[in-house]
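Down below is the structure, laid out as structure tokens.
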Amino acid sequence: MKDIVFLRMQYLGGPSLWTYCPIIEAWVDIGELEDFPSNLIPGFYERLSAWLPGLIEHRCSYDERGGFLRRLEEGTWPAHILEHVTLELQGMAGMPGGFGRARETSKRGVYKVAVTAWHETFTRAALETARELVLAAMEDRCFDVGDAVRKLRRLADRHCLGPSTSSIVEAANARGIPTIRLNEGNLVQLGYGAFQRRIWTAETDATSAIAEGISRDKALTKRLLASCGVPVPEGVEVSSPEEAWEAAEEIGLPVVVKPVDGNHGRGVFTDLSTREAIFSAYEVAKDEGSGVIVEKFISGIEHRLLVVGGRLVAAAKGEETHVIGDGKSPITELLESQINSNPLRGATEDHPLNFVRIDSAANLELAKQGYAPDSVPEAGKKILIQRNGSVAYDVTGSVHPEVARAAALAARVVGLDIAGIDLLAGDISRPLEEQGGAIVEVNAGPGLLMHLKPAQGEAQPVGQAIVTSLFPQGENGRMPVVGICGTGENSLLAELVAWLMRLWGRKVGLACASGLFLGERRVEGGADFDSANRILMNRSIDAAVFENGPGVILSEGLAYDRCQVGVVTEIAEGSSMPEFDILDEERMVTVLRTQVDVVLASGVAVLNADDARVADMAKYSDGEVIHYSLREEGVQDRAGRCLFMKGNSILLSGAGKQSVLATILSPSLSGREGVALAGAAAAIALGIPEELIGAGIESFRPFSGDQ
């Protein structure tokens, strides 16, 4: 029977031997299909390429458009096809791009397929769906691609970061700032340890709860803005329909009726001039908030200005929505054919414009013109449906400097670091006072999608602006991270490095086989991805040391994205992990090399020169390399800084000079000169003063009490 069977799937949440990003590694058994590459399956190419036309963009090993389809025609195997189909399905579901590989194992017909995992649940489902699709194409069965993609899109919407949060995370990654998702929602940590900041969509850890409360109270917001000279519409809070009408007469018709603390435009009624309309609007607005405001109607187009860190970074304007009568069709039908048929309108993030519905505000607007939703207007008659529709037309480049200053002042008066400023103006390129425009609302946690995917105009780098406000140029949210792997006494080495960092004045988190330590306090036993993450999320920690066994790298990935110092100790003869299909030392090299791959360009790889396979990893380091050896001859031909033993002393050489780091080893390091050398080399790489390193080597005692 021809089948594709998943033997196991494992989620690797950080850098691994595959790549830097989180992936799912699926082990698949293609059984008899090993003898049936794609070119031997009649009609398979035609069916698959017809179902997934986007595969034309997959370059594959030929590194050209259509490369994968060429492989498909020439003949390739199901595991490779599964990889590409999974990536394509993820992209069709709104999560485009990513890493993919398929590799044979030592067992015939069994492959490892690795694909970017935007979210574990979502990508598992994408792999399962890809399997069903590939088998259906092979067996010439029906497969509803559209339905499959809709299901995946629902999963993506439920589990993956929203577009606003994603824009900030992507901007952080582009700056080299690490990120950790803290919950199943949009709470994300940028940076590590004591240097971290947090965002929740477009709110940050600097967003004041008081300011957020003020922004929800529209009447209070207006009073504060007016006191600082910001133009706002005159208004008053009311508690009954009769009071609303009295306020409207006092302010002067027409007016706006809206909730005190509403949002997203719900319950907002504009340009009201009759007692009946104001009474009706009051009843709806009352149910949308905790109170009702009546304020002067400001003629103009609705605009949303985004202020970040006291600076205007984006602006968008809305639109009036009209239909044109044809003398035959009711307004509801005209709305569907003339407005909602626009492909830019929809209910997903891919649609910058919303569908227009006949809601209570639209009914009032129609009634003012003498129409109902089922009315049939005469041919050529222009009917206003919505005074201010989707605010999705970019006008950032048109904002007058005085308007930008007024928006920034409004955000500062309310106290928001990120604010969405709603204003009405006929022409955003002119000062507000000149045209009778006004700021009507200041919003906390503003949506960013209108600026990221406008219906017209250029997308604005709002995510980048938010990241820059949190991390000024030169800051990246990183703390010193030391990663250690190999087959040496790595737990003892990790404790030594943490000891030296503590003497240096750092608050150190340590995760190693001896346990999870905060300072010298042992919090729990063992070391894995989760315990390492706990350290990276701890605001009291400003340096970290991690021991990474090959099993952790193969089953979970590294917890951190990059490190300042990466240490590889040695690869013991006969090293293997058959359960991961790592059957010899050469394959073990590819696993442990991961630690060198993640060294920052400003960091250092510390390598054991006495193990040729470890020393050869120097070519993979983006940063500096420091070698160490038990013998002076072991580093004689090595460039750069080196450490070696000479008698009972640890010496540092480089730039034609030598210095003694330590002459007496701690009793805990007796007979463990390799550990002392590696620890001293890591400390040199961190910039710890030489005299402090010497004192630390001589006084070291393990946190765990092991000798």
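Side chains are part of it too, since the values below use all heavy atoms of this structure and drop only hydrogens, waters and symmetry mates.
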Handout entry: Residues R357 and E336 bridged, charged N to O under 4.0 Å
Key = yes

Handout entry: Side-chain ion pair, E320 and K382, N-O less than 4.0 Å
Key = no

Problem - R412/D417 ion pair, N-O < 4.0 Å - result: no

Problem - Flag side-chain contact, heavy atom, 4.5 Å: R304 against P446 - result: yes

Exercise for the section: Using the test side chain to side chain donor-acceptor pair (under 3.5 Å), find all partners of E319 that sit at least two apart in sequence or belong to another chain. Expected result: R345, Y393

Practice task
Before accepting this row, confirm whether a basic side-chain N of the pair K151/D147 lies closer than 4.0 Å to the acidic partner's carboxylate O.
Solution key: yes

Handout entry: Beyond-backbone contact of P373 with T332, side-chain heavy atoms, under 4.5 angstrom
Key = yes

Exercise for the section: Identify whether the distance between the nearest side-chain nitrogen and carboxylate oxygen of K222 and E295 falls below 4.0 Å. Expected result: yes

Exercise for the section: Using a strict 4.0 Å threshold on nitrogen-to-oxygen distance, state whether E302 and K317 make a salt bridge. Expected result: no

Exercise for the section: Compare all side-chain heavy atoms of D217 with those of V260 and state whether any distance is below 4.5 angstrom. Expected result: yes

Problem - Whether K453 side chain and M450 backbone form a donor-acceptor pair below 3.5 Å - result: no

Handout entry: Separation of S375 OG from Q369 CD (nearest 0.5 Å)
Key = 10.5 Å

Enumerate donor-acceptor pairs with a distance under 3.5 Å from any side-chain N or O in residues 395-406 to protein atoms, sequence neighbours excluded.
| residue | atom | partner | partner atom | Å |
| --- | --- | --- | --- | --- |
| T396 | OG1 | A315 | N | 3.0 |
| T396 | OG1 | A315 | O | 3.4 |
| T396 | OG1 | D394 | OD1 | 2.7 |
| H400 | ND1 | E402 | N | 2.9 |
| E402 | OE2 | R405 | NH2 | 2.6 |

Fill in the blank from the handout: CE of M95 to OG1 of T116, rounded to nearest 0.5 Å, is 10.0 Å

Exercise for the section: Kindly say whether D271 contributes a backbone atom to a donor-acceptor pair with the side chain of K368 at under 3.5 angstrom? Expected result: yes

Practice task
To the nearest 0.5 angstrom, please state how far the CG atom of L449 sits from the OG atom of S166.
Solution key: 11.0 Å

Handout entry: I385 side chain near L366 side chain, heavy-atom distance below 4.5 Å
Key = yes

Problem - N/O donor-acceptor pair under 3.5 Å between N476 side chain and G176 backbone - result: no

Problem - Polar side chain donor-acceptor pair, H119 to E184, under 3.5 angstrom - result: yes

Practice task
Give the intermediate values and the outcome of side-chain hydrogen bond (donor to acceptor under 3.5 Å, both in side chains) for residues D561 and Y192.
Solution key: CA-CA 10 Å; D561 67 327; Y192 289 152; 2.9 Å; yes

